[in-house]
Structure formats: C-alpha cells, structure tokens
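Report on the following structure.
Here is how names work: the chains are called A, B, and so on, in the same order as the sequence lines, proteins then strands, and each is numbered from 1. Basis for what follows: all heavy atoms, side chains included, without hydrogens, waters or symmetry-related copies.
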Amino acid sequence: MSLLNYLRQFFDDPAYRSGYDGIWTRLLEHCEYSLIALVIAAAIALPLAILSGHSGRGDGVISMVAVIGRAMPSLGLLVLLAVELQISLTVTMIPLVLLGIPPILLYTHAGIRAVDPAAVDAARGLGMTPWQTVHQVEIPAALPLILAGLRGAAVQIVATATLAAVVSFGGLGRYIIDGLYQFDYAQVVGGAVLVALLSLATLLVFWILDRLLVSPGLRTR
Amino acid sequence: MIAASVFDLPSYVQSSFLGLIVTQLEVSLGATLAGLVISLPIGQLCSRLPKFYPPVLGLVTVIYSIPSIALFVLLIDITGETETTVFIPLTLYTLAILVPGVVDGIRSVPPNVLDAANGMGYGRVRRYLTVELPIALPTLMAAVRVAAVSSLSLMSIGATIGSYGGFGDLFILGLRVFDSRLIWLGLISLLVLSVLCDLLLRWVQRLLTPWARTLRSVG
C-alpha cells in the first residue's frame, strides 16, 4: 500500500512534530476555527428555530433555507468574500457560519414541531409558562434532533474549515494545499487523513453527547 | 454591472466556458446517476431486511462526513488527476441522500397494494417495476433532486486538486488572478445550472408519474 508509505513518511518527518507547521498547531487551529463558527451558527440558528418550532410557523422558509444550504458552494463563497472584502480570518469565518446555520435550523425546527402535543398540553395544564414549556418540555424532547442538527453543522464546518488554507490561513488544510503546490504527496496524504480523522472524531463526540444528554425515556422508542 | 463585465472576461475563459458546463454536468449528474444505480438495490435490500438499514445508514453517514477534499486528494494516488477522482467521492456522497430516499419511497408503498399485486399473479420483478417503483417515485425523485443539486455544488471543491471542479475552476482562477468577476461568473453559472437541473428533474418526474397530474387536476 503506497498510501501507507506516504503516511509513514509524513508522520516520521520531524517538521510536523512541533512548532509552526506541527500537527498539534494545525489541529488546534482547525478546531478553533470550527468551534468558533459552530458556536456563532448555533447562537443564530437555535433561538430562531426554537421560536419558529414553538409557534409552528415558518415551515416554508426553513425548508427553503435547507435547500439553499445544500446548494451553497462553500469554496465559491469563501474565495468571493476573500477577493471582494479582504483576506482576513473574520471574513473566512463568514462562509463557515453560513454553512452551519441551515442544518441547525432544519433539525431543531423539525424536532420542536414533532414534540408530542399531549406533552405540551399537559405542561400548559400544569400551569407552566410558555418559557418553562419550551425549556423543560420541548427542548429536552427535541434534543435528539437538535443534536443531529448540530452534528450536521459541525461536520460541514470541520470539512469546510479545511478550505481556509486556500485563502492563506492555517488548519489541517494547510498540509493538503501546501503539499499539492510543493508536489509533496506525503504531506497531502497526511493532511487528508488527519482531516478525515477529525471529522470522524466530530461524529463520535456528538454520538457521546447524545448518549449523555438525551433522556433515557426517549431512547426506548 | 456584473452581467456586463462577464463579456469582457479573459479569452481563455470565454473559449472554455462551454467546456466547463459540459464537465460540470457530466461529472455531477453522472455521479448522481451512478449513486442511484447503487442505491436502488441497497435500498431494496434494506427495506426487505430492516435490520440491515441502521448499519447501512450509519456507514453512508460516516462516508458523507469525510471532507470531500480529503477523499479527492487520497484518490489522486489511485486514479490520478482525472475526472474519475472527483466522480467517485461525489457518487459516494449521493448515497447518504439516495439510500434513505429509496428506503422511504419503498416503505411508502401500502402493503395492501402489494397484496393486490401478488393476488393478481405479478411476479417479483414485474411487481417491483410496475407497482413498487412507480409508487416510490415521488419520494425517490425528491432525493434525486437534492443529490443532483448538492453534487453540482460539491464538485466545485474538485478545483483544489487541478481543473476538475467545473465552475469551481473559476473560483480558484479568480482567487489566483484576484479578479472577483470570475468568481461571480462561477457562482451565478452554478446557481443557474442548479435551478435548471432541478426544473429538468421535476419535469422528468411529471413525465414518469402521469397519474399524479390527473389527480391534481381533479382534486
């Protein structure tokens, strides 16, 4: 397997052990970009979707946003903003945030909408305020789908954060882009494998969160 | 303003614009079609034997979560810098959309309809082709449309490994020569092409489900 040879060559190279081009530096950069983008996307999309799901309005708008999200060419948006505005990290974060919003909106809205109306009625009958109903009944019951939406957003963001390297920033994509330019295929393979592993790790984190946070009562179904 | 400036683009883009459209359509629609051919038997299997569905769904979700740029560059070693290198990952990604589409479609066939077909002496193949597939078609086609549009846009990332990103090539070129008109041209062309493909697939769906039209005009 020649890919394995390239991989060994990459991990044996002391240049990637530490410092500016070290794996840990690049990994941290990648996680930093992704986390910031995910937090901003969630801060925008979660309240909107909880509100729209709770009030039962906006089905049409949300499904339209979901289609736009699927069709959005992230690379195009990334380079467009870099050329039109400026090459800065803040500008690079914009497409990452935009990419994260549709899955969170779609799943959270659908999750809140799908909460058993009898449970919401019961909460109201118990004298809960609308805020308490949302907070103590609707959100916990919709949590599996809310987490699925956040997972979808996180996976998209981690994948696209790789492209930050195209517009000169760091992250694991740096290895892929630099490797392609330098005809250093070991570096390309190393970067690609690290990015793929990070994506799988993201899935795993959300799987664990699901196990920890979702009420066991919801799992039996 | 943008529309006007598209016409005074560098000549090397003007002459290859048609080529970009062809590559774009060939690779992304080809991948969607290949994905459909793979998804139909997998979906059929999963709806026959439901215990296979969760692991299959898990597998296609995991594949979908691998960044496209990673798959592209890893494939360079095997298939070189060719269209195939972009085609294979795109095909794999459509499975995450198409397999659930096929399964949901087949599950939407009412059991009594299947019983009726059996009672009329339909064989398995005939029942599949003339009863199950047509009833599953609206759900299936919805998934095909999503898969086609997302392949069109995902393909642009292929531009990072050479010149197989369709309109994505214009993104990288635009960045390299620092000319946003090229990027605008790529984005707008991609948008127009996506809308046209979606309309085309809606039209195909209408042709394939003539009964849906009658129902709509009556009801």
| task | Show your reasoning for whether side-chain contact (heavy atoms from CB on, under 4.5 Å) applies to Val189(A) and Val73(B). | result | CA-CA 7 Å; Val189(A) 171; Val73(B) 296; over 6 Å; no
| message | Using 0.5 Å steps for rounding, measure from the CD1 atom of Ile183(B) to the CG atom of Leu75(A). | response | 9.0 Å
| Heavy atoms of other groups near Tyr107(A) OH, more than 12 under 6.0 Å | no
| task | Please report the C-alpha distance between Leu182(B) and Val83(A) in whole Å, then the side-chain angles of each, then the deciding distance to 0.1 Å, and finally whether the side-chain contact (heavy atoms from CB on, under 4.5 Å) criterion is met. | result | CA-CA 11 Å; Leu182(B) 290 167; Val83(A) 174; over 6 Å; no
| remark: Distance col, row Ser168(A):OG vs Leu175(B):CG, nearest 0.5 angstrom, shows 9.0 Å
| request: Select one option (side chain, backbone, both, neither) describing which atoms of Ser194(B) are under 4.5 Å from chain A's heavy atoms. | output: neither
| field | Closest non-hydrogen atom pair between Val193(A) and Leu74(B), with its separation | value | CG2-CD2, 4.3 Å
| field | OG on Ser156(B) to CE on Met72(A), rounded to 0.5 Å | value | 11.0 Å
| request: Any chance you could measure Tyr6(A), atom OH, to Asp77(B), atom CG, to the nearest 0.5 Å? | output: 5.5 Å
| request: To the nearest 0.5 angstrom, please state how far the OG atom of Ser65(B) sits from the CG atom of Leu204(A). | output: 11.0 Å
| Is chain A contacted by the side chain of Ile97(B), its backbone, both, or neither, given a heavy-atom distance below 4.5 Å? | side chain
| message | Heavy-atom cut-off 4.5 Å, strictly under: side chain, backbone, both or neither for Tyr181(A) against chain B? | response | side chain
| message | Determine whether Val149(B) and Arg70(A) satisfy the following criterion, side-chain contact (heavy atoms from CB on, under 4.5 Å), listing intermediate values before the conclusion. | response | CA-CA 7 Å; Val149(B) 168; Arg70(A) 286 264 196 195; 5.5 Å; no
| task | Inspect the surroundings of CZ in Arg17(A) and state if more than 12 heavy atoms from other residues, nucleotides or ligands are less than 6.0 Å away. | result | yes
| field | Side chain, backbone, both or neither of Leu172(A) within contact of chain B (heavy atoms, under 4.5 Å) | value | neither
| Thr202(A) versus chain B, heavy atoms under 4.5 Å apart: side chain, backbone, both or neither? | neither
| note | For Pro67(B) and Ala196(A), the nearest pair of non-hydrogen atoms, with its separation, is CD-CA, 4.1 Å
| request: Let me know if Leu78(A) has heavy atoms under 4.5 Å from chain B in its side chain, its backbone, both or neither. | output: neither
| task | Provide the closest heavy-atom pair for Ala192(A) versus Ala70(B) in the form atom of the first, atom of the second, distance. | result | O-CB, 3.5 Å
| said: Tell me the closest heavy-atom pair linking Ile157(B) and Ser74(A), and the distance in Å. | reply: CD1-OG, 4.2 Å
| query | Are the side chains of Pro73(A) and Phe171(B) in touch, meaning some heavy atoms are under 4.5 Å apart? | reply | yes
| Minimum heavy-atom separation for Phe178(B) to Ala82(A), with atom names? | CZ-O, 4.1 Å
| request: Can you tell which part of Ile176(A) gets under 4.5 Å to a heavy atom of chain B, answering side chain, backbone, both or neither? | output: side chain
| message | To check you understand the geometry: which heavy-atom pair defines the closest contact between Glu84(A) and Ser180(B), and what is its length? | response | OE2-OG, 3.2 Å
| query | Of the backbone (N, CA, C, O) and the side chain (C-beta and beyond), which part of Ile76(B) lies under 4.5 Å from a heavy atom of chain A, both, or neither? | reply | both
